[in-house]
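Below you'll find the structure, written out as C-alpha coordinates, and then a few comments.
Predicted model only: the values in this text are computed from it and were never measured. By convention in this document, chain letters (A, B, ...) are assigned in the order of the sequence lines, proteins followed by strands, and residues within each chain are numbered from 1.
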Number of protein chains: 2
Amino acid sequence: MTDKPAPLFDTLVIIGPGLIGSSILRRAHEDRRIARRLIACDISPEVRARVAELGIADEVAADPARAVRDADCVIICVPVGAIAMVAAQILPAMKKGAILSEVGSVKVTVMEAMAPLLAAYPDIAFVPAHPMAGTEFSGPDAGFATLFEDRWCLLTPPAGTPATALARVTTLWEMMGARVRDMTVEHHDRVCAIVSHLPHLLAFTICGTADDLADETRSEVLDFAASGFRDFTRIAASDPTMWRDIFLNNREALLDMLDRFIADAQAMGNAIRTGNEDVIVSRIKRGRAIRRSLIENRQA
Amino acid sequence: MTDKPAPLFDTLVIIGPGLIGSSILRRAHEDRRIARRLIACDISPEVRARVAELGIADEVAADPARAVRDADCVIICVPVGAIAMVAAQILPAMKKGAILSEVGSVKVTVMEAMAPLLAAYPDIAFVPAHPMAGTEFSGPDAGFATLFEDRWCLLTPPAGTPATALARVTTLWEMMGARVRDMTVEHHDRVCAIVSHLPHLLAFTICGTADDLADETRSEVLDFAASGFRDFTRIAASDPTMWRDIFLNNREALLDMLDRFIADAQAMGNAIRTGNEDVIVSRIKRGRAIRRSLIENRQA
(Lines give C-alpha, C1' and ligand atoms only; values in the text may rest on other atoms or scores of the structure.)
Protein backbone atom coordinates (compact mmCIF):
# COMPACT_ATOMS: atom_id res chain seq x y z
CA MET A 1 0.00 0.00 0.00
CA THR A 2 1.49 3.34 -1.12
CA ASP A 3 0.90 6.54 0.82
CA LYS A 4 -0.32 9.51 -1.26
CA PRO A 5 2.44 12.18 -1.05
CA ALA A 6 1.56 15.13 1.20
CA PRO A 7 0.39 18.26 -0.61
CA LEU A 8 2.70 21.30 -0.85
CA PHE A 9 0.70 23.07 1.90
CA ASP A 10 -1.79 21.72 4.36
CA THR A 11 -3.81 24.96 4.61
CA LEU A 12 -3.57 27.74 1.98
CA VAL A 13 -5.42 31.02 2.60
CA ILE A 14 -6.24 33.53 -0.15
CA ILE A 15 -7.18 36.99 1.11
CA GLY A 16 -9.05 38.87 -1.63
CA PRO A 17 -10.31 36.29 -4.19
CA GLY A 18 -10.49 38.67 -7.19
CA LEU A 19 -9.02 38.04 -10.66
CA ILE A 20 -5.65 36.82 -9.33
CA GLY A 21 -6.81 35.33 -6.03
CA SER A 22 -9.68 33.36 -7.54
CA SER A 23 -7.39 32.08 -10.31
CA ILE A 24 -5.00 30.70 -7.67
CA LEU A 25 -7.97 29.08 -5.92
CA ARG A 26 -9.31 27.56 -9.14
CA ARG A 27 -5.94 26.04 -10.00
CA ALA A 28 -5.41 24.72 -6.46
CA HIS A 29 -8.95 23.35 -6.38
CA GLU A 30 -8.29 21.42 -9.58
CA ASP A 31 -4.85 20.20 -8.45
CA ARG A 32 -5.09 18.97 -4.88
CA ARG A 33 -1.32 18.38 -4.71
CA ILE A 34 -1.11 22.12 -3.95
CA ALA A 35 -3.08 22.26 -0.67
CA ARG A 36 -5.32 19.94 1.35
CA ARG A 37 -7.50 22.83 2.56
CA LEU A 38 -8.29 26.05 0.70
CA ILE A 39 -9.68 29.06 2.57
CA ALA A 40 -10.92 32.20 0.78
CA CYS A 41 -11.27 35.34 2.89
CA ASP A 42 -12.92 38.62 1.87
CA ILE A 43 -14.48 41.59 3.67
CA SER A 44 -17.28 41.81 1.09
CA PRO A 45 -20.33 39.59 1.78
CA GLU A 46 -21.13 39.58 -1.96
CA VAL A 47 -17.65 38.29 -2.86
CA ARG A 48 -17.85 35.62 -0.14
CA ALA A 49 -21.27 34.48 -1.37
CA ARG A 50 -20.04 34.32 -4.95
CA VAL A 51 -16.91 32.34 -4.04
CA ALA A 52 -19.08 29.88 -2.10
CA GLU A 53 -21.39 29.55 -5.11
CA LEU A 54 -18.45 28.98 -7.44
CA GLY A 55 -17.21 26.21 -5.15
CA ILE A 56 -13.53 27.06 -5.63
CA ALA A 57 -12.60 27.08 -1.90
CA ASP A 58 -13.17 24.55 0.88
CA GLU A 59 -14.06 27.33 3.32
CA VAL A 60 -15.06 30.96 2.99
CA ALA A 61 -14.20 33.35 5.84
CA ALA A 62 -14.97 36.97 6.75
CA ASP A 63 -12.39 37.62 9.49
CA PRO A 64 -8.80 37.50 8.21
CA ALA A 65 -7.24 37.08 11.68
CA ARG A 66 -9.36 33.95 12.27
CA ALA A 67 -8.93 32.65 8.70
CA VAL A 68 -5.12 32.54 8.87
CA ARG A 69 -4.72 30.72 12.22
CA ASP A 70 -3.96 27.29 10.71
CA ALA A 71 -2.41 28.56 7.48
CA ASP A 72 0.91 27.23 6.20
CA CYS A 73 0.77 29.89 3.50
CA VAL A 74 -1.26 33.10 3.21
CA ILE A 75 -1.38 35.05 -0.07
CA ILE A 76 -2.66 38.62 0.17
CA CYS A 77 -4.36 39.44 -3.18
CA VAL A 78 -5.60 42.98 -2.50
CA PRO A 79 -4.60 46.28 -4.19
CA VAL A 80 -1.02 47.41 -3.53
CA GLY A 81 -2.10 50.25 -1.23
CA ALA A 82 -3.94 47.89 1.15
CA ILE A 83 -1.39 45.07 1.51
CA ALA A 84 0.41 46.32 4.64
CA MET A 85 -2.90 47.06 6.38
CA VAL A 86 -4.07 43.49 5.83
CA ALA A 87 -0.67 42.16 6.93
CA ALA A 88 -0.89 44.14 10.19
CA GLN A 89 -4.22 42.43 10.91
CA ILE A 90 -3.11 38.87 10.25
CA LEU A 91 0.56 38.69 11.33
CA PRO A 92 -0.27 38.43 15.07
CA ALA A 93 -2.57 35.47 14.33
CA MET A 94 -0.27 33.48 12.02
CA LYS A 95 1.54 30.42 13.32
CA LYS A 96 5.32 30.24 13.57
CA GLY A 97 7.04 29.03 10.40
CA ALA A 98 4.17 30.02 8.12
CA ILE A 99 4.74 31.80 4.82
CA LEU A 100 3.22 35.20 3.98
CA SER A 101 3.03 36.27 0.33
CA GLU A 102 1.29 38.93 -1.77
CA VAL A 103 0.83 39.53 -5.51
CA GLY A 104 1.19 43.30 -6.02
CA SER A 105 2.55 44.84 -9.24
CA VAL A 106 5.06 47.06 -7.40
CA LYS A 107 7.41 45.95 -4.67
CA VAL A 108 9.62 48.73 -3.22
CA THR A 109 6.82 50.62 -1.46
CA VAL A 110 5.18 47.38 -0.31
CA MET A 111 8.49 46.27 1.22
CA GLU A 112 8.95 49.66 2.91
CA ALA A 113 5.50 49.42 4.48
CA MET A 114 5.99 45.77 5.46
CA ALA A 115 9.50 46.02 6.95
CA PRO A 116 8.54 47.34 10.42
CA LEU A 117 5.70 44.80 10.69
CA LEU A 118 7.88 41.88 9.65
CA ALA A 119 10.58 42.86 12.15
CA ALA A 120 8.11 42.07 14.93
CA TYR A 121 7.41 38.57 13.54
CA PRO A 122 10.78 37.00 12.71
CA ASP A 123 9.27 33.51 12.49
CA ILE A 124 7.09 34.39 9.50
CA ALA A 125 8.77 34.13 6.07
CA PHE A 126 7.70 36.92 3.69
CA VAL A 127 7.97 35.98 -0.01
CA PRO A 128 6.39 38.63 -2.29
CA ALA A 129 5.33 37.46 -5.75
CA HIS A 130 4.26 39.24 -8.93
CA PRO A 131 2.50 36.94 -11.40
CA MET A 132 2.71 38.88 -14.69
CA ALA A 133 -0.72 37.94 -15.92
CA GLY A 134 -4.09 39.61 -16.01
CA THR A 135 -7.04 40.68 -18.09
CA GLU A 136 -9.18 43.81 -18.26
CA PHE A 137 -11.70 42.17 -15.90
CA SER A 138 -11.80 41.88 -12.12
CA GLY A 139 -13.64 40.06 -9.34
CA PRO A 140 -14.03 36.35 -8.46
CA ASP A 141 -15.87 35.62 -11.71
CA ALA A 142 -12.98 36.95 -13.82
CA GLY A 143 -10.44 34.34 -12.70
CA PHE A 144 -9.57 31.09 -14.47
CA ALA A 145 -7.30 28.15 -13.65
CA THR A 146 -4.92 28.68 -16.59
CA LEU A 147 -4.34 32.44 -16.08
CA PHE A 148 -0.69 31.89 -15.08
CA GLU A 149 0.13 29.24 -17.70
CA ASP A 150 3.49 30.10 -19.38
CA ARG A 151 3.53 33.57 -17.80
CA TRP A 152 6.34 34.87 -15.61
CA CYS A 153 6.03 35.08 -11.83
CA LEU A 154 8.69 37.31 -10.27
CA LEU A 155 9.60 36.70 -6.61
CA THR A 156 11.28 39.41 -4.53
CA PRO A 157 12.31 37.68 -1.28
CA PRO A 158 14.03 40.00 1.24
CA ALA A 159 17.57 39.17 2.39
CA GLY A 160 17.50 36.36 4.93
CA THR A 161 14.37 34.62 3.59
CA PRO A 162 14.71 30.92 4.52
CA ALA A 163 15.61 28.85 1.45
CA THR A 164 12.81 26.37 2.23
CA ALA A 165 10.16 29.12 2.16
CA LEU A 166 11.47 30.49 -1.15
CA ALA A 167 11.54 26.94 -2.59
CA ARG A 168 7.93 26.28 -1.55
CA VAL A 169 6.62 29.53 -3.08
CA THR A 170 8.62 28.78 -6.24
CA THR A 171 7.01 25.32 -6.40
CA LEU A 172 3.56 26.84 -5.81
CA TRP A 173 3.91 29.11 -8.85
CA GLU A 174 5.40 26.35 -10.97
CA MET A 175 2.34 24.27 -10.10
CA MET A 176 0.24 27.26 -11.24
CA GLY A 177 1.93 26.84 -14.65
CA ALA A 178 4.19 29.90 -14.35
CA ARG A 179 7.90 30.40 -15.03
CA VAL A 180 9.54 31.76 -11.87
CA ARG A 181 12.51 34.05 -11.32
CA ASP A 182 13.65 35.99 -8.25
CA MET A 183 15.22 39.44 -8.03
CA THR A 184 15.51 42.45 -5.73
CA VAL A 185 12.49 44.73 -5.20
CA GLU A 186 14.37 47.65 -6.79
CA HIS A 187 15.21 45.68 -9.90
CA HIS A 188 11.66 44.36 -10.13
CA ASP A 189 10.20 47.84 -10.07
CA ARG A 190 12.53 49.11 -12.81
CA VAL A 191 11.82 46.16 -15.10
CA CYS A 192 8.05 46.57 -14.63
CA ALA A 193 8.28 50.34 -15.12
CA ILE A 194 9.62 49.87 -18.65
CA VAL A 195 7.72 46.76 -19.76
CA SER A 196 4.32 47.56 -18.27
CA HIS A 197 3.82 50.80 -16.32
CA LEU A 198 5.29 53.24 -18.87
CA PRO A 199 3.39 51.68 -21.84
CA HIS A 200 0.16 52.08 -19.88
CA LEU A 201 0.99 55.69 -18.96
CA LEU A 202 1.64 56.48 -22.64
CA ALA A 203 -1.57 54.76 -23.73
CA PHE A 204 -3.67 56.71 -21.22
CA THR A 205 -1.91 59.92 -22.31
CA ILE A 206 -2.42 59.57 -26.07
CA CYS A 207 -6.15 59.10 -25.51
CA GLY A 208 -6.14 62.38 -23.61
CA THR A 209 -4.11 64.13 -26.30
CA ALA A 210 -6.64 63.04 -28.93
CA ASP A 211 -9.52 64.07 -26.70
CA ASP A 212 -7.99 67.54 -26.36
CA LEU A 213 -8.11 68.22 -30.10
CA ALA A 214 -10.83 70.46 -31.47
CA ASP A 215 -14.37 69.05 -31.46
CA GLU A 216 -14.48 68.21 -35.13
CA THR A 217 -11.12 66.48 -35.17
CA ARG A 218 -11.90 64.61 -31.99
CA SER A 219 -14.94 63.01 -33.55
CA GLU A 220 -12.84 61.98 -36.52
CA VAL A 221 -10.16 60.50 -34.31
CA LEU A 222 -12.79 58.06 -33.17
CA ASP A 223 -14.16 57.49 -36.66
CA PHE A 224 -10.86 56.91 -38.38
CA ALA A 225 -8.79 55.30 -35.64
CA ALA A 226 -6.25 53.24 -37.53
CA SER A 227 -4.69 50.10 -36.16
CA GLY A 228 -1.94 52.02 -34.39
CA PHE A 229 -4.36 53.92 -32.20
CA ARG A 230 -6.50 50.83 -31.60
CA ASP A 231 -3.55 49.05 -30.02
CA PHE A 232 -3.00 51.97 -27.69
CA THR A 233 -6.57 52.09 -26.51
CA ARG A 234 -6.63 48.35 -25.92
CA ILE A 235 -4.05 48.71 -23.19
CA ALA A 236 -5.77 51.88 -21.97
CA ALA A 237 -8.99 50.03 -21.08
CA SER A 238 -7.92 49.01 -17.58
CA ASP A 239 -9.07 49.74 -14.03
CA PRO A 240 -8.37 53.42 -13.08
CA THR A 241 -7.91 52.78 -9.34
CA MET A 242 -5.49 49.94 -9.87
CA TRP A 243 -3.39 51.96 -12.29
CA ARG A 244 -3.44 55.07 -10.10
CA ASP A 245 -2.02 52.97 -7.24
CA ILE A 246 0.63 51.41 -9.47
CA PHE A 247 1.75 54.79 -10.84
CA LEU A 248 1.95 56.33 -7.35
CA ASN A 249 3.66 53.33 -5.78
CA ASN A 250 6.26 52.94 -8.52
CA ARG A 251 6.73 56.70 -8.85
CA GLU A 252 10.53 56.83 -8.87
CA ALA A 253 11.28 54.11 -11.42
CA LEU A 254 8.35 55.15 -13.60
CA LEU A 255 9.34 58.83 -13.70
CA ASP A 256 12.91 57.81 -14.55
CA MET A 257 11.67 55.68 -17.48
CA LEU A 258 9.31 58.48 -18.58
CA ASP A 259 12.22 60.95 -18.65
CA ARG A 260 14.32 58.57 -20.75
CA PHE A 261 11.40 57.94 -23.07
CA ILE A 262 10.59 61.63 -23.56
CA ALA A 263 14.26 62.34 -24.34
CA ASP A 264 14.21 59.54 -26.92
CA ALA A 265 10.90 60.73 -28.42
CA GLN A 266 12.32 64.25 -28.71
CA ALA A 267 15.44 62.87 -30.40
CA MET A 268 13.19 61.06 -32.89
CA GLY A 269 11.26 64.33 -33.39
CA ASN A 270 14.52 66.15 -34.07
CA ALA A 271 15.58 63.51 -36.59
CA ILE A 272 12.27 64.01 -38.40
CA ARG A 273 12.58 67.82 -38.19
CA THR A 274 16.07 67.78 -39.68
CA GLY A 275 15.35 64.96 -42.12
CA ASN A 276 17.99 62.65 -40.63
CA GLU A 277 16.95 59.47 -42.43
CA ASP A 278 19.66 57.25 -40.93
CA VAL A 279 18.56 57.99 -37.36
CA ILE A 280 14.89 57.45 -38.22
CA VAL A 281 15.47 54.12 -39.95
CA SER A 282 17.87 52.83 -37.28
CA ARG A 283 15.29 53.55 -34.55
CA ILE A 284 12.54 51.80 -36.49
CA LYS A 285 14.81 48.80 -37.02
CA ARG A 286 15.59 48.50 -33.30
CA GLY A 287 11.86 48.21 -32.65
CA ARG A 288 11.64 45.36 -35.12
CA ALA A 289 14.59 43.57 -33.51
CA ILE A 290 12.92 43.73 -30.07
CA ARG A 291 9.70 42.46 -31.58
CA ARG A 292 11.49 39.46 -33.07
CA SER A 293 13.10 38.65 -29.70
CA LEU A 294 9.68 38.74 -28.03
CA ILE A 295 8.34 36.21 -30.51
CA GLU A 296 11.35 33.96 -29.86
CA ASN A 297 10.72 34.25 -26.10
CA ARG A 298 7.10 33.10 -26.55
CA GLN A 299 5.89 36.34 -24.95
CA ALA A 300 3.97 37.67 -27.97
CA MET B 1 -33.25 40.59 -73.75
CA THR B 2 -31.72 42.76 -70.98
CA ASP B 3 -28.39 44.51 -71.43
CA LYS B 4 -25.84 43.95 -68.67
CA PRO B 5 -25.16 47.39 -67.07
CA ALA B 6 -21.80 48.90 -68.05
CA PRO B 7 -19.04 48.53 -65.42
CA LEU B 8 -17.93 51.55 -63.38
CA PHE B 9 -14.79 51.85 -65.55
CA ASP B 10 -13.94 50.33 -68.87
CA THR B 11 -10.18 50.19 -68.22
CA LEU B 12 -8.68 50.44 -64.72
CA VAL B 13 -4.89 50.59 -64.35
CA ILE B 14 -3.05 49.82 -61.09
CA ILE B 15 0.55 51.05 -60.99
CA GLY B 16 2.46 49.18 -58.27
CA PRO B 17 0.48 46.00 -57.41
CA GLY B 18 1.79 45.59 -53.83
CA LEU B 19 -0.31 45.02 -50.70
CA ILE B 20 -2.82 47.78 -51.55
CA GLY B 21 -2.66 47.63 -55.35
CA SER B 22 -3.02 43.86 -55.55
CA SER B 23 -5.92 43.97 -53.10
CA ILE B 24 -7.74 46.43 -55.39
CA LEU B 25 -7.02 44.11 -58.33
CA ARG B 26 -8.26 41.03 -56.46
CA ARG B 27 -11.52 42.71 -55.52
CA ALA B 28 -12.06 44.11 -59.03
CA HIS B 29 -11.22 40.73 -60.54
CA GLU B 30 -13.86 39.08 -58.36
CA ASP B 31 -16.46 41.81 -59.04
CA ARG B 32 -16.50 42.60 -62.74
CA ARG B 33 -18.98 45.46 -62.22
CA ILE B 34 -15.91 47.53 -61.25
CA ALA B 35 -13.98 47.39 -64.56
CA ARG B 36 -14.14 45.49 -67.82
CA ARG B 37 -10.36 45.48 -68.24
CA LEU B 38 -7.77 45.39 -65.44
CA ILE B 39 -4.15 46.34 -66.16
CA ALA B 40 -1.35 45.90 -63.62
CA CYS B 41 1.86 47.84 -64.24
CA ASP B 42 5.17 47.47 -62.38
CA ILE B 43 8.81 48.24 -63.10
CA SER B 44 9.92 44.98 -61.45
CA PRO B 45 9.95 41.89 -63.73
CA GLU B 46 9.52 39.67 -60.65
CA VAL B 47 6.38 41.52 -59.55
CA ARG B 48 4.96 41.39 -63.09
CA ALA B 49 5.62 37.64 -63.32
CA ARG B 50 4.00 37.04 -59.95
CA VAL B 51 0.90 39.11 -60.79
CA ALA B 52 0.55 37.17 -64.06
CA GLU B 53 0.84 33.89 -62.12
CA LEU B 54 -1.75 35.02 -59.58
CA GLY B 55 -4.13 35.82 -62.46
CA ILE B 56 -5.56 38.93 -60.76
CA ALA B 57 -5.18 41.27 -63.79
CA ASP B 58 -6.25 40.93 -67.43
CA GLU B 59 -2.97 42.41 -68.63
CA VAL B 60 0.42 43.01 -67.08
CA ALA B 61 2.53 45.90 -68.34
CA ALA B 62 6.07 47.20 -67.84
CA ASP B 63 5.83 50.69 -69.33
CA PRO B 64 3.49 52.99 -67.38
CA ALA B 65 3.11 55.53 -70.22
CA ARG B 66 1.86 52.76 -72.55
CA ALA B 67 -0.24 51.05 -69.89
CA VAL B 68 -2.37 54.12 -69.12
CA ARG B 69 -3.29 55.10 -72.72
CA ASP B 70 -6.81 53.63 -72.64
CA ALA B 71 -7.37 54.06 -68.91
CA ASP B 72 -10.56 55.61 -67.51
CA CYS B 73 -8.96 55.47 -64.10
CA VAL B 74 -5.33 55.07 -62.99
CA ILE B 75 -4.45 54.40 -59.34
CA ILE B 76 -0.81 54.96 -58.38
CA CYS B 77 -0.01 52.53 -55.54
CA VAL B 78 3.69 53.30 -54.97
CA PRO B 79 5.41 54.77 -51.87
CA VAL B 80 4.53 58.40 -51.09
CA GLY B 81 7.93 59.69 -52.19
CA ALA B 82 7.59 58.24 -55.72
CA ILE B 83 4.00 59.26 -56.57
CA ALA B 84 4.76 62.56 -58.34
CA MET B 85 7.54 60.95 -60.37
CA VAL B 86 5.18 58.27 -61.67
CA ALA B 87 2.52 60.92 -62.34
CA ALA B 88 4.99 62.94 -64.42
CA GLN B 89 5.58 59.88 -66.60
CA ILE B 90 1.95 58.99 -67.21
CA LEU B 91 0.06 62.32 -67.35
CA PRO B 92 1.16 63.12 -70.91
CA ALA B 93 -0.15 59.72 -72.07
CA MET B 94 -3.53 59.76 -70.30
CA LYS B 95 -6.68 60.45 -72.28
CA LYS B 96 -8.83 63.54 -71.63
CA GLY B 97 -11.48 63.06 -68.95
CA ALA B 98 -9.64 60.21 -67.25
CA ILE B 99 -9.26 60.02 -63.47
CA LEU B 100 -5.90 59.86 -61.71
CA SER B 101 -5.76 58.62 -58.11
CA GLU B 102 -3.17 57.44 -55.59
CA VAL B 103 -3.30 55.73 -52.18
CA GLY B 104 -0.58 57.39 -50.09
CA SER B 105 -0.81 57.74 -46.29
CA VAL B 106 0.04 61.47 -46.35
CA LYS B 107 -1.49 64.08 -48.64
CA VAL B 108 -0.12 67.62 -48.20
CA THR B 109 3.34 66.91 -49.62
CA VAL B 110 1.89 64.73 -52.38
CA MET B 111 -0.46 67.56 -53.38
CA GLU B 112 2.42 70.06 -53.33
CA ALA B 113 4.45 67.87 -55.67
CA MET B 114 1.47 67.15 -57.91
CA ALA B 115 0.11 70.71 -58.25
CA PRO B 116 2.50 71.96 -60.98
CA LEU B 117 2.05 68.73 -62.98
CA LEU B 118 -1.73 68.82 -62.75
CA ALA B 119 -1.82 72.47 -63.86
CA ALA B 120 -0.48 71.32 -67.23
CA TYR B 121 -3.25 68.69 -67.64
CA PRO B 122 -6.54 70.41 -66.73
CA ASP B 123 -8.57 67.62 -68.35
CA ILE B 124 -7.38 64.97 -65.92
CA ALA B 125 -9.29 64.77 -62.60
CA PHE B 126 -7.01 64.06 -59.64
CA VAL B 127 -8.77 62.32 -56.71
CA PRO B 128 -6.29 61.19 -54.01
CA ALA B 129 -7.47 58.38 -51.74
CA HIS B 130 -6.21 56.91 -48.47
CA PRO B 131 -7.66 53.50 -47.70
CA MET B 132 -6.97 53.09 -43.96
CA ALA B 133 -6.14 49.42 -44.11
CA GLY B 134 -2.98 47.38 -44.17
CA THR B 135 -1.01 44.58 -42.62
CA GLU B 136 2.63 44.09 -41.68
CA PHE B 137 3.25 42.40 -45.04
CA SER B 138 3.95 43.80 -48.50
CA GLY B 139 4.13 42.75 -52.16
CA PRO B 140 1.56 41.23 -54.56
CA ASP B 141 1.21 38.05 -52.47
CA ALA B 142 0.23 40.04 -49.37
CA GLY B 143 -3.01 41.45 -50.81
CA PHE B 144 -6.50 40.03 -50.39
CA ALA B 145 -9.92 40.97 -51.78
CA THR B 146 -11.48 41.84 -48.40
CA LEU B 147 -8.65 44.12 -47.15
CA PHE B 148 -10.86 47.24 -47.35
CA GLU B 149 -14.04 45.69 -45.97
CA ASP B 150 -15.56 48.01 -43.33
CA ARG B 151 -12.44 50.20 -43.26
CA TRP B 152 -12.39 53.92 -43.93
CA CYS B 153 -11.18 55.36 -47.24
CA LEU B 154 -10.47 59.09 -47.01
CA LEU B 155 -10.61 61.12 -50.25
CA THR B 156 -8.85 64.50 -50.53
CA PRO B 157 -10.04 65.98 -53.85
CA PRO B 158 -8.53 69.40 -54.67
CA ALA B 159 -10.87 72.40 -55.14
CA GLY B 160 -12.48 72.23 -58.57
CA THR B 161 -12.51 68.43 -58.88
CA PRO B 162 -15.47 67.51 -61.15
CA ALA B 163 -18.34 66.07 -59.10
CA THR B 164 -18.64 63.11 -61.49
CA ALA B 165 -15.00 62.10 -60.94
CA LEU B 166 -15.38 62.33 -57.16
CA ALA B 167 -18.59 60.29 -57.35
CA ARG B 168 -16.93 57.55 -59.42
CA VAL B 169 -13.95 57.21 -57.07
CA THR B 170 -16.38 57.16 -54.12
CA THR B 171 -18.32 54.36 -55.81
CA LEU B 172 -15.09 52.47 -56.54
CA TRP B 173 -14.15 52.41 -52.86
CA GLU B 174 -17.67 51.54 -51.77
CA MET B 175 -17.49 48.59 -54.15
CA MET B 176 -14.20 47.69 -52.42
CA GLY B 177 -16.25 47.42 -49.21
CA ALA B 178 -14.96 50.63 -47.63
CA ARG B 179 -16.73 53.54 -45.95
CA VAL B 180 -15.78 56.78 -47.74
CA ARG B 181 -15.43 60.36 -46.53
CA ASP B 182 -13.75 63.38 -48.13
CA MET B 183 -11.78 66.20 -46.49
CA THR B 184 -8.97 68.66 -47.21
CA VAL B 185 -5.37 67.42 -47.44
CA GLU B 186 -4.41 69.48 -44.37
CA HIS B 187 -7.17 68.01 -42.25
CA HIS B 188 -6.37 64.51 -43.48
CA ASP B 189 -2.75 64.81 -42.44
CA ARG B 190 -3.62 66.06 -38.94
CA VAL B 191 -6.15 63.28 -38.34
CA CYS B 192 -3.68 60.64 -39.51
CA ALA B 193 -0.87 62.18 -37.45
CA ILE B 194 -2.80 61.56 -34.23
CA VAL B 195 -4.55 58.27 -35.01
CA SER B 196 -1.72 56.50 -36.81
CA HIS B 197 1.62 58.26 -37.27
CA LEU B 198 2.21 59.39 -33.65
CA PRO B 199 1.26 55.96 -32.18
CA HIS B 200 3.80 54.35 -34.51
CA LEU B 201 6.48 56.92 -33.59
CA LEU B 202 5.90 56.22 -29.87
CA ALA B 203 5.98 52.46 -30.42
CA PHE B 204 9.29 52.63 -32.29
CA THR B 205 10.66 54.93 -29.57
CA ILE B 206 9.77 52.78 -26.55
CA CYS B 207 11.54 49.82 -28.13
CA GLY B 208 14.63 52.00 -28.41
CA THR B 209 14.29 53.23 -24.82
CA ALA B 210 14.14 49.63 -23.59
CA ASP B 211 17.09 48.69 -25.80
CA ASP B 212 19.14 51.51 -24.26
CA LEU B 213 18.86 50.12 -20.74
CA ALA B 214 21.81 48.28 -19.26
CA ASP B 215 22.58 44.82 -20.67
CA GLU B 216 21.10 42.87 -17.82
CA THR B 217 17.88 44.85 -17.73
CA ARG B 218 17.55 44.74 -21.48
CA SER B 219 17.53 40.98 -21.51
CA GLU B 220 14.85 40.99 -18.83
CA VAL B 221 12.72 43.48 -20.75
CA LEU B 222 12.46 40.80 -23.41
CA ASP B 223 11.90 38.01 -20.90
CA PHE B 224 9.24 39.71 -18.86
CA ALA B 225 7.48 41.82 -21.48
CA ALA B 226 3.99 42.26 -20.09
CA SER B 227 0.93 42.77 -22.23
CA GLY B 228 1.42 46.53 -22.34
CA PHE B 229 4.78 46.28 -24.04
CA ARG B 230 3.61 43.50 -26.36
CA ASP B 231 0.93 45.79 -27.81
CA PHE B 232 3.56 48.44 -28.49
CA THR B 233 5.88 46.10 -30.30
CA ARG B 234 3.03 44.75 -32.42
CA ILE B 235 2.60 48.16 -34.04
CA ALA B 236 6.38 48.61 -34.15
CA ALA B 237 6.84 45.64 -36.50
CA SER B 238 6.27 47.55 -39.74
CA ASP B 239 8.30 48.43 -42.82
CA PRO B 240 11.12 50.92 -41.95
CA THR B 241 11.23 52.61 -45.38
CA MET B 242 7.48 53.16 -45.53
CA TRP B 243 7.42 54.65 -42.05
CA ARG B 244 10.48 56.84 -42.69
CA ASP B 245 8.67 58.30 -45.73
CA ILE B 246 5.45 58.84 -43.79
CA PHE B 247 7.26 60.58 -40.91
CA LEU B 248 9.21 62.85 -43.26
CA ASN B 249 6.23 63.66 -45.49
CA ASN B 250 3.87 64.43 -42.62
CA ARG B 251 6.57 66.23 -40.65
CA GLU B 252 4.62 69.35 -39.66
CA ALA B 253 1.41 67.74 -38.39
CA LEU B 254 3.31 64.89 -36.75
CA LEU B 255 5.73 67.17 -34.88
CA ASP B 256 2.77 69.27 -33.70
CA MET B 257 1.02 66.16 -32.33
CA LEU B 258 4.30 64.95 -30.77
CA ASP B 259 4.70 68.29 -28.97
CA ARG B 260 1.16 68.11 -27.62
CA PHE B 261 1.67 64.52 -26.56
CA ILE B 262 4.97 65.20 -24.77
CA ALA B 263 3.36 68.13 -22.92
CA ASP B 264 0.52 65.83 -21.85
CA ALA B 265 2.91 63.04 -20.82
CA GLN B 266 4.92 65.53 -18.75
CA ALA B 267 1.70 66.76 -17.12
CA MET B 268 0.87 63.14 -16.23
CA GLY B 269 4.42 62.74 -14.89
CA ASN B 270 3.96 65.84 -12.74
CA ALA B 271 0.65 64.54 -11.40
CA ILE B 272 2.42 61.31 -10.40
CA ARG B 273 5.36 63.24 -8.91
CA THR B 274 3.06 65.42 -6.77
CA GLY B 275 0.60 62.63 -6.00
CA ASN B 276 -2.34 64.42 -7.65
CA GLU B 277 -4.76 61.49 -7.67
CA ASP B 278 -7.66 63.40 -9.28
CA VAL B 279 -5.60 64.30 -12.36
CA ILE B 280 -4.24 60.77 -12.69
CA VAL B 281 -7.66 59.13 -12.44
CA SER B 282 -9.36 61.62 -14.77
CA ARG B 283 -6.73 60.99 -17.46
CA ILE B 284 -7.11 57.24 -17.13
CA LYS B 285 -10.89 57.58 -17.40
CA ARG B 286 -10.66 59.66 -20.58
CA GLY B 287 -8.70 56.81 -22.17
CA ARG B 288 -11.46 54.38 -21.26
CA ALA B 289 -14.13 56.69 -22.73
CA ILE B 290 -12.28 56.86 -26.06
CA ARG B 291 -11.88 53.10 -26.04
CA ARG B 292 -15.64 52.64 -25.58
CA SER B 293 -16.37 55.01 -28.47
CA LEU B 294 -14.04 53.01 -30.70
CA ILE B 295 -15.92 49.82 -29.92
CA GLU B 296 -19.23 51.56 -30.72
CA ASN B 297 -17.73 52.75 -34.04
CA ARG B 298 -16.78 49.17 -35.00
CA GLN B 299 -13.14 50.22 -35.30
CA ALA B 300 -11.80 47.95 -32.57
From B:R260 CZ over to A:T205 OG1, what is the distance, rounded to the nearest 0.5 angstrom?
-> 15.0 Å

How close do B:L248 and A:G275 get, heavy atom to heavy atom, and via which atoms?
-> CD2-CA, 3.7 Å

Which atom of A:I262 lies closest to which atom of B:A265, heavy atoms considered = CD1-CB, 4.3 Å

Check each atom of B:S105 against the heavy atoms of chain A and say whether the ones under 4.5 Å are side chain, backbone, both or neither.
-> neither

When rounded to the nearest 0.5 angstrom, what is the spacing between CG in B:L258 and CD in A:Q266?
-> 7.5 Å

Could you walk me through whether B:I280 and A:F204 pass side chain to side chain contact (heavy atoms under 4.5 Å, CB included), step by step?
-> CA-CA 9 Å; B:I280 297 168; A:F204 293 130; over 6 Å; no

When rounded to the nearest 0.5 Å, the distance separating CG of B:L202 from CD1 of A:I206 is 5.0 Å

Kindly give the heavy-atom pair with the smallest separation between A:K285 and B:P240, and that separation in Å.
-> CG-CG, 4.0 Å

Any luck finding a side-chain donor-acceptor pair between A:T209 and B:D264 under 3.5 Å?
-> yes

Kindly say whether B:R273 contributes a backbone atom to a donor-acceptor pair with the side chain of A:R251 at under 3.5 angstrom?
-> yes

Distance, nearest 0.5 Å, that separates CD1 of A:I272 from CG of B:N250 = 9.5 Å

Heaviest contributor of heavy-atom pairs below 4.5 Å to chain A, chosen from B:T241, B:V281, B:L255, B:L201, is B:L255

Going by the salt bridge (charged side-chain N to carboxylate O under 4.0 Å, His left out) test, which pairs reach into residues 241-250 of chain A, not counting sequence neighbours?
-> A:R244-B:E277

